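Naming: A, B, ... by sequence-line order, numbering from 1 per chain. As the structure is a computational prediction, the values presented were derived from the model and not from experiment.
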Amino acid sequence: MSRYLITSALPYINGIKHLGNLVGSQLPSDVTARYLRARGHEVMYICATDEHGTPAEIAAAKAGKPVAEYCAEMWAVQKDLAEGFGLSFDHFGRSSSERNRRLTQHFAKQLAEAGLIREVEEKMIYSPTDGRFLPDRYVEGTCPNCGYDSARGDQCENCTKQLDPTDLIEPRSAISGATDLEVRETKHLFLRQSAMAKQLEAWIDTKADWPILTTSIAKKWLRDGDGLQDRGITRDLDWGIPVQKGDAPWPGMEGKVFYVWFDAPIEYIGATAEWADAHELDDAAWQRWWRTDLGAEDVTYLQFMGKDNVPFHTLSFPATILGSGEPWKLVDYIKSFNYLNYQGGQFSTSKGRGVFQDQALAILPADYWRWWLMSNVPETSDSEFTWEMFQAGVNKDLADVLGNFVSRVTKFCRSKFGEAVPEGGAYGPAEEALIAELTTRVAAYQAHMDAYELRKSAAELRAIWVAGNEYLQAAAPWAAFKQDPDAAAATVRFALNLITLYAVLSEPFIPDFSARVRAAFGIDSQPWPEDIGAALAILEPGHAFTTPDVLFAKITDEQREGWEQQFAGA
RNA sequence: GGGCCUGUAGCUCAAUUGGUUAGAGCAGAGCGCUCAUAACGCUUUGGUUGGGGGUUCGAGUCCCUCCGGGCCUACCA
């Protein structure tokens with residue numbers, strides 16, 4: 001038994017997320033967490049909302065609510081959706097928590113004492129109308145290069161030229177449209193990542209087993225141009241963690257907060273501490289996951305995220321951890337994902353294009369989404385959601401191959417032997433051959449899961465389901481029953497056991513299915529099938545069950561067409 | 001502009017890191033079965049691995065070049 005700390009990238013607080021956010025961090029981390037728990041490992045699985053920053057303030061203003069109130073509400077909404085998708089977080093925290101505030105201020109103090117913080121006097125755009133400094137991206141105007149009239153202050157979307165907000169012709173606030181912008185001096189703290197670049201690169205070079213996507217992004221940042229740049233870790237905002245040196249004030253930084261990307265990863269630690277608080281445990285309970293001097297030396301730490309998050313998890317956060325000079329746990333494996341597109345374009349929150357999490361759960365159960373998204377997860381390149389592929393995949397895999405297998409076995413048994421595992425007959429070469437095949441396939445499934453290869457794992461799991469149908473077809477108990485009811489009984493007994501084997505093996509991907517099978521067979525919990533033959537002998541003759549209803553109803557053409565229309569966007 | 005990823009069957013993806021005849025699923029075709037959600041099983045069609053050149057005994061894999069798709073580029077997060 002080992003110990004695994006698993007974190008899923010923190011979803012941002014400003015609204016309900018679409019399927020893209022699920023596919024690249026929350027679902028794969030959940031599948032992995034469930035698998036590792038099932039294998040008997042000790043798992044701490046953490047997620048939280050990322051609540052600070054300008055977009056949160058703007059979203060709250062748009063909703064007409066104080067930002068703290070808005071975030072509290074959206075946290076509850078996101079927590080409910082996570083539960084709806086079956087995400088098995090040990091704790092779903094908030095980056096605005098007291099725990100995170102203290103930890104973030106603590107790290108800042110440690111970094112300052114290590115000489116890794118420098119103060120920089122900057123000129124920033126200030127909007128009196130909005131009453132705030134504007135991030136580059138929130139300044140719009142005409143591009144000096146191509147004349148595009150909605151260029152942003154960081155880059156022109158039209159000609160891709162990188163800009164400074166002061167380059168823009170007739171600049172205006174993207175928030176209010178105000179044109180009375182002025183340049184003001186302001187002081188900020190920078191994390192001296194450049195001083196740590198060599199150390200970070202040496203560390204990343206030891207990670208030969210990481211996805212190419214992860215290491216190539218990290219190395220690009222390390223080597224691009226003048227190398228790794230220092231990064232501003234404070235902002236002129238109201239909503240955030242006040243800049244302090246631990247418990248002490250930070251002279252000259254009054255009224256400023258830490259940059260959201262500084263405090264968000266620290267919330268992985270904060271949320272683990274929140275978990276301990278919620279369970280009325282002491283600090284040692286969470287420190288044994290995070291402090292290598294306090295019990296975390298044998299922890300394997302896995303992070304899951306979309307590719308946009310990679311620079312912060314490979315460089316900024318490790319710089320924070322390493323730079324602190326304290327024995328905090330560094331990540332061991334970073335699993336990163338490409339993007340999921342929607343019907344030939346991108347998901348778009350602003351255009352209402354694509355499926356959002358609340359809508360997804362309103363039209364279909366979580367297992368449908370979990371299965372399709374994970375069996376098509378964008379591991380090697382961007383992948384695409386289309387309703388046609390979704391319908392075809394779910395109907396074939398879940399309804400026809402798996403659901404119908406459960407259906408045909410339980411209904412045949414009910415009609416010929418009643419709703420209990422039949423006795424009589426004996427297993428023979430067909431059963432032995434299937435046990436041998438499944439032993440090989442389960443080993444392959446485990447190997448893929450152990451390597452965090454979700455797509456291959458899903459394909460192998462599906463092959464395991466298919467093997468049941470092949471067996472049943474060859475054994476043909478409906479034919480055998482006429483001459484030799486005992487032989488049919490043995491086949492059915494074996495097939496009923498297969499159903500419960502499928503329940504435990506499939507649980508990481510489709511937990512609702514597993515729960516329904518267990519309920520139908522009156523099973524409380526299932527051990528991982530270390531020995532397939534033994535696992536297929538658990539249900540003994542006489543074990544009663546209730547024939548489940550159709551487990552996965554098919555998606556009809558009418559439904560698919562309706563949803564295509566409904567989610568096409570404006 | 002720079003960097004990275006990617007291009008394999010109609011579609012979605014594999015291919016033990018240079019090693020026999022490039023494999024699966026879906027879709028298509030044929031046959032079988034009738035327990036089951038018109039489900040299942042078996043068989044089968046389908047490839048100049050984007051184009052061209054090179055290295056090598058041997059290239060989907062390495063190099064050059066051209067073409068297509070995507071992502072990142074540090075103040076959105």
Side-chain angles (χ1 to χ4, degrees), chain A residues 9-14 50-56 58 122 124-125 133-139 152-155 159-162 164-165 174 188 193 211-213 215-217 219-221 223-225 228-232 235 259-261 264 306-312 315-316 338-339 341 346 375-376 378-384 386 388-389 392-393 395-416 455-456 458-460 462-463 466 468-481 488 491-492 495 549-554:
Chain A
L10 308 189
Y12 197 66
I13 195 71
N14 67 340
D50 176 12
E51 303 194 359
H52 297 135
T54 309
I58 292 169
E122 289 189 303
M124 300 275 301
I125 304 291
F133 282 93
L134 297 177
D136 289 0
R137 168 168 302 223
Y138 284 93
V139 183
R152 294 187 318 214
D154 55 340
Q155 185 173 32
C159 69
T160 74
K161 185 175 173 61
Q162 287 181 50
D164 208 59
H188 282 294
Q193 298 185 140
I212 294 170
L213 185 64
T215 48
S216 66
I217 292 172
K219 288 184 177 180
K220 151 77 172 156
W221 280 55
R223 293 169 186 172
D224 192 41
L228 188 61
Q229 302 297 297
D230 295 342
R231 178 174 276 269
R235 292 291 183 272
Y259 176 41
V260 57
W261 259 115
K307 57 187 168 188
D308 50 330
N309 275 327
V310 168
F312 304 100
L315 303 167
S316 305
N338 287 282
Y339 290 146
N341 291 317
Q346 297 207 328
S375 56
N376 294 279
E379 283 176 320
T380 50
S381 60
D382 290 358
S383 69
E384 196 169 342
T386 69
E388 209 166 326
M389 288 195 292
N395 284 356
K396 193 69 196 171
D397 298 348
L398 296 184
D400 296 346
V401 174
L402 179 61
N404 183 54
F405 178 75
V406 175
S407 221
R408 65 195 296 207
V409 172
T410 52
K411 286 178 182 170
F412 180 76
C413 183
R414 180 175 61 183
S415 75
K416 304 299 183 195
R455 254 181 129 120
K456 289 178 181 173
E460 194 59 49
R462 195 193 118 93
V466 167
N469 281 310
E470 290 170 357
Y471 163 77
L472 203 62
Q473 196 67 30
W478 48 90
F481 184 78
T491 300
V492 169
D549 293 332
V550 166
L551 289 166
F552 298 105
K554 291 206 201 193

Which nucleotide sits closest to the side chain of A:P135: B:C76, B:A77, B:U12?
B:C76

Sugar-phosphate, base or nothing in reach of A:S381, heavy atoms under 4.0 Å:
nothing

When we call it a touch if two heavy atoms are under 4.0 Å apart, what does A:K219 touch: a base, just sugar-phosphate, or nothing?
nothing

Sticking with atom P, work out how far B:A15 lies from B:G19, rounded to a whole angstrom.
12 Å

Let's see if you can work this out: which of B:A14, B:U37, B:G32 has an atom nearest to the side-chain heavy atoms of A:K456?
B:A14

For the base of B:C35 and the side-chain ring of A:F412, does the geometry meet a stacking cutoff of under 5.5 Å between centres and under 30° between planes?
no

Confirm from the modelled atom types if A:E384 and B:C11 form a donor-acceptor pair under 3.5 Å, side chain to base only.
no

Nearest-angstrom distance, P atom, B:G41 to B:U34
16 Å

Would you call A:N469 and A:R408 a side-chain contact if the rule is heavy atoms closer than 4.5 Å?
yes

What is the distance, to the nearest angstrom, from the CG atom on A:L134 to the P atom on B:C75?
16 Å

Describe the nucleic acid contact of A:D308 in one word from base, sugar-phosphate, nothing, applying a heavy-atom distance below 4.0 Å.
base

Base, sugar-phosphate or nothing for A:T380? Non-hydrogen atoms, less than 4.0 Å.
sugar-phosphate

Residue A:Q473, side-chain atoms from C-beta onward, closest of B:G32, B:C42, B:U37
B:G32

Please classify the nucleic acid contact of A:L228 as base, sugar-phosphate, or nothing, using heavy-atom distances under 4.0 Å.
base

Between P on B:C76 and NZ on A:K307, what's the gap in Å once rounded to a whole number?
18 Å

Classify the nucleic acid contact of A:F405 as base, sugar-phosphate or nothing, counting any heavy atom under 4.0 Å across all strands shown.
nothing

Round to a whole Å and report the spacing from CZ of A:R223 to C1' of B:C4.
12 Å

A:K416 atom NZ is separated from B:U34 atom P, nearest whole Å, by 12 Å

Of A:D400 and A:Q229, whose nearest nucleotide on RNA chain B comes first from the 5' end?
A:D400

Side-chain contact, heavy-atom cut-off 4.5 Å: A:L472 with A:P477?
yes

Closest approach to the side chain of A:W221, judged atom by atom: which nucleotide of B:C75, B:U73, B:U37 is it?
B:U73

Check whether any side-chain heavy atom of A:L10 sits under 4.5 Å from a side-chain heavy atom of A:E51, and report yes or no.
no

Is any side-chain heavy atom of A:N338 closer than 4.5 Å to one of A:E379?
no

For A:A474 and for A:D136, locate the closest nucleotide of RNA chain B by heavy-atom distance; then report the residue assigned to the nucleotide nearer the 5' terminus.
A:A474

P gap between B:U45 and B:G23, integer Å:
12 Å

Nearest-angstrom distance, C1' atom, B:G50 to B:C67:
7 Å

For the side chain of A:D382, starting at C-beta, report the closest nucleotide among B:C35, B:A39, B:G70.
B:G70

What's the closest nucleotide to the A:Y12 side chain, out of B:A77, B:C75, B:U34?
B:A77

Expressed in angstrom and rounded to an integer, what is the separation of A:E460 atom CD from B:G23 atom C1'?
14 Å

Base, sugar-phosphate, or nothing: which does A:L10 touch, judged by heavy atoms less than 4.0 Å apart?
nothing

Examine distances only and state if a side-chain atom of A:E384 and a backbone atom of A:N341 form a donor-acceptor pair shorter than 3.5 Å.
no

OP1, OP2 of B:A77 versus side-chain N and O of A:Y259: anything below 4.0 Å?
yes

Give one of base, sugar-phosphate or nothing for A:K411, where a contact means two heavy atoms less than 4.0 Å apart.
sugar-phosphate

Taken to the nearest whole Å, CG/A:N338 to P/B:C13 is 11 Å

Categorize A:V409 for me: base, sugar-phosphate, or nothing, with a 4.0 angstrom heavy-atom threshold over every strand shown.
nothing

With a non-hydrogen cut-off below 4.0 angstrom, is A:G232 in contact with a base, only sugar-phosphate, or nothing?
nothing

So, do A:P55 and A:Y138 sit near enough that their side-chain heavy atoms are less than 4.5 Å apart?
yes

A:F133 versus A:T54: any side-chain heavy-atom pair under 4.5 Å?
no

Could you tell me how far B:G30 sits from B:U12 if I compare only their C1' atoms? Round to whole Å.
25 Å

Pairwise P distance for B:U56 and B:G51, with rounding to whole Å
23 Å

What is the distance, to the nearest angstrom, from the CD1 atom on A:I217 to the C1' atom on B:C4?
8 Å

A:W261 and A:S316, any side-chain heavy atoms less than 4.5 Å apart
no

So what does A:V550 touch, heavy atoms closer than 4.0 Å: a base, only the sugar-phosphate, or nothing?
base

Using the C1' atom on both, measure B:G53 against B:U73 and round to a whole Å.
33 Å

Length of the line joining A:K396:NZ and B:U37:C1', which is rounded to integer Å
12 Å

Out of B:C35, B:G41, B:U37, minimum distance to the side chain of A:S407 belongs to B:U37

Quick one: is A:R414 getting a side-chain N or O under 4.0 Å of the B:A36 phosphate, OP1 or OP2?
no

For A:D397, the side-chain hydrogen bond (donor to acceptor under 3.5 Å, both in side chains) test, sequence neighbours excluded, returns A:W371, A:R462

Expressed in whole Å, how much space separates the P atoms belonging to B:A22 and B:G1?
39 Å

Taking OP1 and OP2 of B:C75, is either one under 4.0 Å from a side-chain nitrogen or oxygen of A:R231?
yes

Side chain of A:N404, base of B:A36: donor and acceptor closer than 3.5 Å?
yes

Check every strand shown and say whether A:Q193 touches a base, only sugar-phosphate, or nothing at a heavy-atom separation below 4.0 Å.
nothing

Under 4.0 angstrom between A:R137 side-chain N/O and B:C76 OP1 or OP2:
yes

Backbone of A:G306 reached by a side-chain donor or acceptor of A:Y339 within 3.5 Å
no

Its glycosidic angle compared against 90° from 0, B:U65 adopts the form anti

Stem ranges for RNA chain B, with three or more consecutive Watson-Crick or G-U pairs under 3.5 Å?
B:1-7 with B:67-73, B:10-13 with B:23-26, B:28-32 with B:40-44, B:50-54 with B:62-66

Among the candidates B:C71, B:C40, B:U73, find the nucleotide nearest to the side-chain atoms of A:Y339.
B:C71

Does CD belonging to A:E122 count more than 12 external heavy atoms closer than 6.0 Å?
yes

So, do A:K307 and A:D382 sit near enough that their side-chain heavy atoms are less than 4.5 Å apart?
yes

